[in-house]
Protein chains: 2
Amino acid sequence: MHGYDKYAFEPFAVTVDLAVFTLRAGALHVLLVERAQEPYAGRWALPGGFLLPTESAETAARRELAEETGLTDVSGLHLEQLRTYSEPDRDPRMRVVSVAFAALLPDPPEPRAGTDAAEARWTPYDTAGPLAFDHDRILADARTRIGAKLEYTCLATAFCPPEFTLGELQQVYETVWGTVLDRPNFRRKVLATPGFVEAVPGAARLTGGRGKPAALYRAGTATALHPPLLRPTPEGRPA
Amino acid sequence: MHGYDKYAFEPFAVTVDLAVFTLRAGALHVLLVERAQEPYAGRWALPGGFLLPTESAETAARRELAEETGLTDVSGLHLEQLRTYSEPDRDPRMRVVSVAFAALLPDPPEPRAGTDAAEARWTPYDTAGPLAFDHDRILADARTRIGAKLEYTCLATAFCPPEFTLGELQQVYETVWGTVLDRPNFRRKVLATPGFVEAVPGAARLTGGRGKPAALYRAGTATALHPPLLRPTPEGRPA
DNA sequence: CCCCTTAATAGTCACTCAGACTATAAAAGG
DNA sequence: CCTTTTATAGTCTGAGTGACTATTAAGGGG
């Protein structure tokens with residue numbers, strides 16, 4: 001009701017937490033930092049930090065992303081607000097409300113330790129053991145969201161370098177979904193969606209692979225997929 | 001980075017804001033309250049309020065929903081976190097971070113004034129003039145989200161009373177999307193989706209209407225729609 | 001150098017589903 | 001009784017997708 005004068009209100013600490021994903025060696029990895037202090041000292045956690053007085057949660061998230069990854073330019077990276085976690089007991093010391101974000105990186109740069117000297121590391125999603133605070137849940141929520149958005153958006157290109165092959169794009173889907181897709185059908189679908197990808201004219205090849213060299217593509221201008229690219233139905237999927 | 005001891009952090013006020021939707025006379029309505037105090041005194045705004053020290057944002061949202069609508073039991077209503085708005089200047093007085101929610105009500109109960117004696121009113125979405133703070137944006141975001149979720153979830157039943165006809169369900173889609181759907185095709189789609197709706201055995205009729213009485217249905221157990229029920233494409237929809 | 005492997009790309013076929021209809025059934029009103 | 005109104009049933013067609021098979025263009029090993 002926004003009647004500040006009439007209501008006492010509790011001040012809260014507000015933080016951002018980041019679930020930063022990348023693809024490495026065909027597996028989904030997430031950026032984790034090791035906590036140096038109590039509580040949860042020695043445990044791994046999602047990178048994050050406090051909002052500064054003059055920045056929005058989005059600004060803070062992008063700042064933290066730059067700090068943790070060591071990337072100088074994070075302006076083009078995909079960063080999206082997930083949701084806010086505000087359970088009263090999520091931090092044992094005090095009341096902390098955290099705005100969680102999911103970020104996607106194409107090429108995995110080596111992380112550097114954050115300013116608090118904690119160690120940072122890319123960790124396979126499946127072995128991201130029990131994390132500090134409620135970060136297990138945040139991470140799971142982030143993965144769910146990313147997987148779902150692959151179906152009806154062009155988000156997959158955010159995992160890819162500026163120029164990529166359709167095989168690499170397909171690997172994004174297969175890795176995040178944990179499924180195998182039919183290659184000709186995937187091609188047909190991607191190429192039939194206007195604005196999803198656009199061919200690089202000088203049809204170049206790629207890495208010194210074995211078979212026929214693949215054509216290169218760039219991310220197109222479209223952001224939504226109509227109709228969507230639904231993942232193979234592992235039977236009636238709940239919500 | 002959660003190193004509280006090493007970082008000064010600003011305390012923030014944390015609020016929840018609610019975009020509460022219902023269908024009334026074939027039009028989408030939203031619950032608004034009139035502000036009694038500066039800033040934006042006399043302007044309409046989304047209902048909301050401060051988090052209490054011991055409650056999560058979800059709990060606070062449900063409490064506010066009950067207070068503003070006067071409903072005694074809001075446990076079954078659809079309430080979903082939208083996103084968090086944290087621009088530093090969104091409140092001219094102080095730093096306020098607001099967690100926004102979208103709520104869906106089936107039958108429109110008359111709202112009662114909130115505890116701060118502000119007036120509350122159901123307002124047609126299209127005439128929800130300029131609101132206080134950044135509530136125009138929150139409201140628009142909420143509407144976009146609801147419209148999108150109708151496509152791939154069973155959310156539409158949240159707008160309907162416990163028992164409803166397929167015509168009423170169709171009206172939900174038509175009203176929220178602002179489109180007209182083909183009735184036989186809509187029926188076919190809804191009935192072919194397992195768990196979307198289930199027929200009420202004593203196939204009762206409804207209001208003293210004119211034509212053939214319609215069968216009644218209840219919301220099913222499913223929450224997701226596979227495949228989705230896509231809205232008629234008004235040409236290449238961006239994101 | 002030829003053949004085999006590997007991977008990309010092209011094309012086929014059948015089935016499902018959605019859009020656009022037409023037809024029938026069951027009520028109310030004159 | 002006939003018309004209007006609304007619900008429900010059914011038909012036809014084209015787009016899109018899953019499951020395949022075929023071809024092309026590379027590399028590697030004898």
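A, B, ... follow the sequence lines: proteins, then strands. Residue 1 opens every chain. The model shown is predicted, which means the values in this text are computed figures rather than measured ones.
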Length of the [atom1]-[atom2] vector between [X] and [N], whole Å:
| X | N | atom1 | atom2 | answer |
| --- | --- | --- | --- | --- |
| A/L181 | D/dC20 | CG | C1' | 16 Å |
| A/L225 | D/dG16 | CG | C1' | 13 Å |
| A/L191 | C/dT9 | CG | C1' | 10 Å |
| B/L169 | D/dT6 | CG | P | 18 Å |
| A/F186 | C/dA8 | CZ | C1' | 14 Å |

Would one find a side-chain N or O of A/R183 under 4.0 angstrom from OP1 or OP2 of C/dA7?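 It does not, given that no N or O in the side chain of A/R183 lies less than 4.0 Å from OP1 or OP2 of C/dA7.
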For B/R187 and D/dA9, is the shortest distance between a side-chain N/O and OP1 or OP2 below 4.0 Å?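 So the side chain of B/R187 is within the cut-off, an N or O lying under 4.0 Å from OP1 or OP2 of D/dA9.
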Any side-chain heavy atom of A/L28 within less than 4.5 Å of one from A/L23?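 Counting from C-beta outward, A/L28 and A/L23 do come under 4.5 Å.
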Taken in chain and number order and not counting sequence neighbours, the residues that satisfy ring pair (Phe, Tyr, Trp, His ring centres under 6.0 Å) with B/Y217 are none
If the condition is ring pair (Phe, Tyr, Trp, His ring centres under 6.0 Å), which residues does A/W177 pass it with, not counting sequence neighbours?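 Partners of A/W177 by the ring pair (Phe, Tyr, Trp, His ring centres under 6.0 Å) criterion, ordered by chain and then number, come out as A/Y173.
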Please collect all ring pair (Phe, Tyr, Trp, His ring centres under 6.0 Å) contacts where either partner lies in residues 60-85 of chain A, sequence neighbours excluded, each pair once.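 Listed by first then second residue: nothing to list.
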Side chains of residues 188-200 of chain B: which donor-acceptor pairs under 3.5 Å do they make with residues two or more places apart or in other chains?
from	atom 1	to	atom 2	distance (Å)
B/R188	NH2	B/N185	OD1	3.2
B/K189	NZ	B/P227	O	2.8
B/T193	OG1	B/K189	O	2.9

Which letter, B, S or -, goes with each nucleotide of nucleotides 15-25 of chain C from 5' to 3', with contact meaning a protein heavy atom under 4.0 Å? ---BBBB---B
Output all residues satisfying side chain to side chain contact (heavy atoms under 4.5 Å, CB included) with A/S75, sequence neighbours left out; order by chain, then residue number. A/D73
